[in-house]
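Just so you know, these numbers come straight off a predicted model, no measurement behind them.
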Amino acid sequence: MQFIKTLALLLATALAGSAAVDKPLADQAYDALRAHNYDVAIPLFRQSLAAHPAQPSVWKDLAYVLLKTGDNEAAMDAFGATMKLDTADLHVAMEYAFLAYEQNRKIEARRIFNRIRTSATDPQLRRTAEAAFHNVDSPLAEGIARWKQAVAGAPDNFSAHEELAHLAEQRDELDLAAQHYLLAWKLKPAYRPLLVELGRVYKAAGKTEDAMAALLAASRGAEPHAAEKARELLPTRYPYVYEFRNALTLDQGNIELHRELAYLLLAMSLKLEAEHEFHIVADSATDDLLSAAQLGFLMLGRNDQPAAMPYLQRVLDKDDSELADRVRTALKLPQTLRHREETPRSQVSVQAKELAERSYNKGYMTDALKYLRVAHETDPIDFQVMLKLGWVNNILHDDAEAVKWFELARRSPDEKISNEATSAFRNLNTTEGRQHTTFWTMPFYSSRWQNMFNYSQLKSEFKVPFLPVQPYFSMRFIGDVRGSSLRTSSLGINPQYFSESSIILGVGIRTPQKHGVMAWAEAGTAVRYLNRKDLPLAVSDYRAGLSIAHAWRGPVSHSFIETTNDAVYISRFQNNGILYSQNRIGYQWPGEDANGTRVAVYWNINATVDMRRQYWANFAETGPGIRFRFSGMPSGLMFTSNFLRGAQLINTANPGRPNFYDLRMGFWYAISR
């Protein structure tokens, strides 16, 4: 009875979700909150706020719910949104400050504690803020005093300057922080992240020009991650000439800054100033032949051929491409005739792919995306780049963009790239699409029953905006080869665990799968494909279920533990409820890829029980198993073989022995569109 009540509650919840569409989302969220159903309340709060963001009370309640579920980072974001809408709510500000402190954002936390302790009228709130402020501020003050002594005794101590700058920034002593970030960077000018820190502190202190100089210097450097961070802090407009000069005053050895300024001056027809910058670049970076040629051309333009020749000769000596031909034309020399080999893949594309791979391996996905786009623009038919663009966009949670790249990559003539892209495309397209259809089939042979069974389902699902469940149409086939020989005489039916000998047409709804949990309910008609005079040809069929599945992978992704648990209610079998639990512990040998050769061995631990205590539905079994597939097989095909030793948990009316052996061999095949 408890089983039926539980399933009824699941069905009622799912059906109530569709009936509540017309109810305001915030009200639905509060209903779920009162029922302590946080997993339902949180998305409803978010949907309500997406439609109407100016609701400080809703933001505040969402924040407290997130706190209860342990999602502190999301709670802090919600408290932050509340603060922007209601600046007078100091209790919210206090919650935000404590969470910011936990997230190591001490600068922000200290500022908020300071504001509350000086402005709160509530004595208790003021005392709490005072204590919290001093808990943050006192260690900073002590650390600053200690590191000041350290740098006074050892002015060349890089770590002391850096640590002092960090502490000063956290205590809002911005001038002191800038002073020591600058001193630390001068001790280690190759460490570009310090320029980003310096620029950020200048910006916070309102020193706009100094901030621009530091960030511009950092953005044109050899360290890609620091350059990316600096570009995020720079204004969106292109820098002015004087800003380049300020940056070079700070970072005189930055060749990339000199080079970019040189071309900017050349574009502005300031040729003498451009020549000065090209001189610095060509003398410092002797392998930069383009800058050497440009410097030579400028000198020729003012009729100074003796000064130009060393730079132009450098190009002629080291380069035989079009650049050298341009130099020969400028010097009125004959062009060289040479056989040109078939042009290889662009060197720019190769370098961009290398930089993308390094960024990807280090986790700098934004940089990887930038370099992959350059590689694609240079070589637009490189399918490996398209595949990588799909994965990077997927990691950056832009699945709509990822689907486009996987769609392009699946056309690759390389079968491995095409298969991987096709698999990824289908998985994501299923998630992103409004409608998708799946088909799976699981035929297997059982030695215990000396019969061949087949379970299959064809299902079309639909995504409806703002509907918390997904409706679907389903056609199931559940049957066997021997048919009526498995009939259970006491019931006059075939137990669902064995064979229903039916095609079941139905409509249903299911919840989105979250953390491996999914509930569903279905209503339809079961049509028998066997001519049985003792049973009707078609009967109503109502079924519902709850599925919980999860998998854990070992440290190197070879060992695994998998569990699949299903509670199923079926009206046709005297309103019976059946619980299946299937568990596997095993090892999978490393394969080529998702569609390549894969072999796994495992140990089964299974159990089945039912509400009506039928003998056929109450047993436990265990034993070894193997699953495998080989390259060249269709995607989604997997063979299995299991040898099980089992015991019936209930033996009333059991025509067989209480213990059994069973060899089950079959395959699983699934496709999705």
Would you find more than 12 non-hydrogen atoms of other residues, nucleotides or ligands less than 6.0 Å from Glu209 atom CD? no
Assess whether atom NZ of Lys370 is packed by more than 12 heavy atoms of other residues, nucleotides or ligands within 6.0 Å. yes
ring-ring contact (aromatic ring centres under 6.0 Å, His included) partners of residues 89-117, not counting sequence neighbours, each pair once: Phe98-Phe113
Which residues share a ring pair (Phe, Tyr, Trp, His ring centres under 6.0 Å) with Phe45, sequence neighbours left out: Tyr30
Going by an N to O cut-off under 4.0 Å, is there a salt bridge joining Arg302 and Glu275? yes
Other residues, nucleotides, ligands: >12 heavy atoms within 6.0 Å of Tyr242 OH: yes
Distance-only side-chain donor-acceptor flag, Gln55 / Trp59, under 3.5 Å: no
Does a donor on one side chain sit under 3.5 Å from an acceptor on the other, for Tyr311 and Asp283? yes
Once you round to the nearest 0.5 Å, how far does CG of Asn246 lie from CG of Asp251? 12.5 Å
Any Lys/Arg nitrogen of Glu277 or Arg259 sitting under 4.0 Å from an Asp/Glu carboxylate oxygen of the other? no
Relative to Tyr202, does Lys207 satisfy both conditions: NZ or CZ under 6.0 angstrom from the six-membered ring centre, and within 45 degrees of the ring's axis? no
Trp147 and Glu162: side chain donor to acceptor below 3.5 Å: no
Less than 4.0 angstrom from a charged side-chain N to a carboxylate O is my criterion; do Arg237 and Glu243 meet it? yes
Are Glu273 and Arg245 close enough for a salt bridge, meaning some N to O gap below 4.0 Å? yes
In plain terms, say whether Glu130 and Arg117 are close enough for a salt bridge, that is, a side-chain N and a carboxylate O under 4.0 Å apart. yes
For His52, is the NE2 atom crowded, meaning more than 12 foreign heavy atoms sit under 6.0 Å from it? no
Near Gln149 CD, under 6.0 Å, is it more than 12 heavy atoms from other residues, nucleotides or ligands? no
So, the side chain of Ser138 versus the backbone of Asn135: is there a donor-acceptor pair under 3.5 Å, distance only? no
Rounded distance (nearest 0.5 Å) linking atom CZ of Arg231 with atom OG1 of Thr236: 14.5 Å
Counting only N and O atoms by type, is there a donor-acceptor contact under 3.5 Å from the side chain of Thr82 to the main-chain atoms of Ala78? yes
dist Leu295:CG -> Met299:CE (nearest 0.5 Å) comes out at 4.0 Å
Neighbour count above 12 (heavy atom, 6.0 Å) for Gln252 CD: no
Would you say the side chain of Arg126 lies within less than 4.5 Å of the side chain of Ile116, judging by non-hydrogen atoms? no
Hey, are the side chains of Arg105 and Leu99 touching, using non-hydrogen atoms and a 4.5 Å cut-off? no
Do the side chains of Lys106 and Asp137 get close enough for a salt bridge, i.e. N-O under 4.0 angstrom? no
Salt bridge between Arg192 and Glu197, side-chain N to carboxylate O under 4.0 Å? no
Determine which pairs satisfy ring-ring contact (aromatic ring centres under 6.0 Å, His included) with at least one residue from residues 167-190, sequence neighbours left out, and list them in order. His161-His180, His166-Tyr181
Can you check whether Phe278 reaches Leu266 side chain to side chain, under 4.5 Å on heavy atoms? yes
Measure the acute angle between the ring planes of Tyr38 and His36, then classify it against the limits of 30° and 60° as parallel, tilted or perpendicular. perpendicular
